[in-house]
Amino acid sequence: MIVLDGLSVGHRVGRRRPPRTVLAGVSARAGAGELTVLVGPNGTGKSTLLHTVAGLLPPLAGTASLDGADLTALPPAERARRLAVVLTERVEAGLLSVEDLVALGRHPHTGPTGALRDTDRKVVAAAVDAAGAAHLAGRRVAELSDGERQRVLVARALAQEPAVLLLDEPTAFLDVSARVGLLGLLRRLAREDGLCVLVSTHDLEPALRVADQVWLLDRAGGLRTGPPEALVADGSIAEVFDGPGLAFDPAAGAFTVRPAKGGRPVRVAAPEPEAALVARLLTREGWAVGREGGAVVTRTAPGRFTAVDGGGATVEGMGWAELAAWARRGGRQRVA
Ligand SMILES: Nc1ncnc2c1ncn2[C@@H]1O[C@H](COP(=O)(O)OP(=O)(O)OP(=O)(O)O)[C@@H](O)[C@H]1O
């Protein structure tokens with residue numbers, strides 16, 4: 001388990017100047033066998049905190065410990081055996097093959113020559129497999145896509161056989177299904193291998209679905225922790241992330257575009273999922289979708305709609321494109 005106790009993190013920006021504190025006196029726990037996600041708006045200190053826990057930045061005050069041992073006081077070799085880190089920095093892999101790069105993860109466990117034993121090779125193969133990178137075996141790292149390289153870096157971290165896995169925005173380069181897949185993989189590794197996994201991400205919606213615990217950084221330098229549902233239910237997620245045009249919908253676990261103030265009221269009569277899609281289209285065009293409305297949009301057949309505006313003017317037989325144009329025209333009428 002990782003325990004932060006009164007930890008302050010930040011950056012030293014010159015010898016004479018005082019350090020720039022990013023987070024002051026934060027306390028939290030990340031358990032073994034659990035996936036903990038670190039989320040927060042840009043610049044709130046996710047990378048700074050992860051780098052500090054990884055021992056790459058000295059803490060300004062307080063401690064970060066792993067199973068009772070002060071992480072930042074651990075000798076580097078010991079730390080490398082217990083903790084693996086996947087950062088956002090680009091790797092200069094030169095001519096290395098996928099297996100070569102993953103094998104570098106065994107370094108903390110091999111002797112001074114770095115020679116791999118049979119057991120090391122087995123661990124490397126298992127790590128490649130577990131990270132879903134088996135299909136990349138034999139390829140050169142320099143020739144991989146960003147997302148493929150990300151998988152290989154996760155494999156390298158797994159090859160370290162760490163107790164703790166720290167990842168800084170590992171989903172940044174991935175397509176949407178790979179993002180969800182990687183978060184699911186990390187949770188499986190936590191559950192099945194008892195790893196303590198701490199991952200920072202901007203993928204809030206999938207992260208809230210798969211995480212066991214959330215560390216939420218707010219804009220005031222605070223760190224709130226709890227199961228995702230608790231932080232959604234107490235309004236913390238909305239408080240930290242909602243913007244002028246965007247609101248977190250706790251029931252859907254997703255962000256929705258906030259209806260524009262003073263939008264023309266409209267009611268949607270359609271089965272799901274078309275009802276939600278029509279509501280989204282209308283909201284985008286500045287309408288206020290609700291139960292009661294001066295205007296009504298009715299789905300008459302799959303992908304076909306009839307709209308009655310507030311004044312009673314009816315347009316029938318519209319497809320999606322015509323409905324979008326109608327909605328846009330309606331918005332303009334409201335402004336004029
Ligand atoms: N090397 C540095 N020297 C000085 N200040 C830094 C340094 N790196 C980051 N900062 C500052 O520390 C604060 C936190 O940055 P950090 O990168 O940890 O945030 P983040 O939450 O990871 O942001 P993002 O979501 O944009 O990746 C920011 O105000 C940033 O400007």
Side-chain angles (χ1 to χ4, degrees), residues 2 4-28 30 35-64 71-72 83-91 146-147 149-150 153-154 157 164-176 178-180 182-183 186 196-211 213-226 228 231 236-246 248 254-255:
I2 294 179
L4 311 185
D5 187 8
L7 183 70
S8 298
V9 303
H11 300 273
R12 292 172 205 279
V13 283
R15 289 205 176 168
R16 287 158 191 261
R17 304 237 292 270
R20 206 172 154 267
T21 302
V22 175
L23 298 170
V26 296
S27 297
L35 171 64
T36 302
V37 296
L38 174 57
V39 295
N42 285 135
T44 46
K46 298 179 294 297
S47 293
T48 307
L49 180 58
L50 271 184
H51 279 72
T52 308
V53 173
L56 302 171
L57 263 181
L60 303 179
T63 56
L71 267 170
T72 51
L83 188 141
V85 188
V86 180
L87 299 174
T88 45
E89 278 92 87
R90 288 219 154 230
V91 281
D146 290 333
R149 193 178 317 106
Q150 199 64 32
L153 291 175
V154 171
V164 174
L165 192 52
L166 301 177
L167 305 100
D168 195 10
E169 290 189 38
T171 54
F173 295 121
L174 304 181
D175 63 49
V176 65
R179 282 166 190 236
V180 175
L182 181 61
L183 288 168
L186 294 175
C196 170
V197 183
L198 175 60
V199 50
S200 76
T201 180
H202 284 291
D203 285 322
L204 191 63
E205 292 168 15
L208 292 178
R209 271 180 220 283
V210 301
Q213 290 289 324
V214 178
W215 290 6
L216 169 65
L217 291 174
D218 61 35
R219 292 176 209 269
L223 173 59
R224 312 178 195 192
T225 63
L231 294 179
S236 292
I237 296 287
E239 193 186 317
V240 172
F241 286 104
D242 278 7
L246 210 61
F248 190 77
F255 286 95

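In each ligand, atom 1 is the first atom listed, and ligand 1 is the first ligand listed. Since this is a predicted model, take the numbers as computed values, not measurements.
- Of the residues Val85, Leu38, Leu4, Thr48, the one that meets the side chain to side chain contact (heavy atoms under 4.5 Å, CB included) test with Val53 is Leu4.
- Between Gln150 and Val86, some side-chain heavy-atom pair lies under the 4.5 Å cut-off.
- Formation of a donor-acceptor pair under 3.5 Å by the Lys46 side chain with backbone atoms of Val199 is not found in this model.
- Here the closest heavy-atom approach between residue Cys196 and residue Ala30 is recorded as SG-O, 3.4 Å.
- Distance check: Thr52 OG1 to Leu57 CG gives 4.5 Å after rounding to the nearest 0.5 Å.
- Each of Asp168, Thr171, Thr36 was evaluated against Ser200; a single residue qualifies, Asp168, per the side-chain hydrogen bond (donor to acceptor under 3.5 Å, both in side chains) test.
- Each of His11, Val13, Arg20, Val22, Pro41, Asn42, Gly43, Thr44, Gly45, Lys46, Ser47, Thr48, Glu169, His202 has a non-hydrogen atom positioned under 4.0 Å from some atom of ligand 1.
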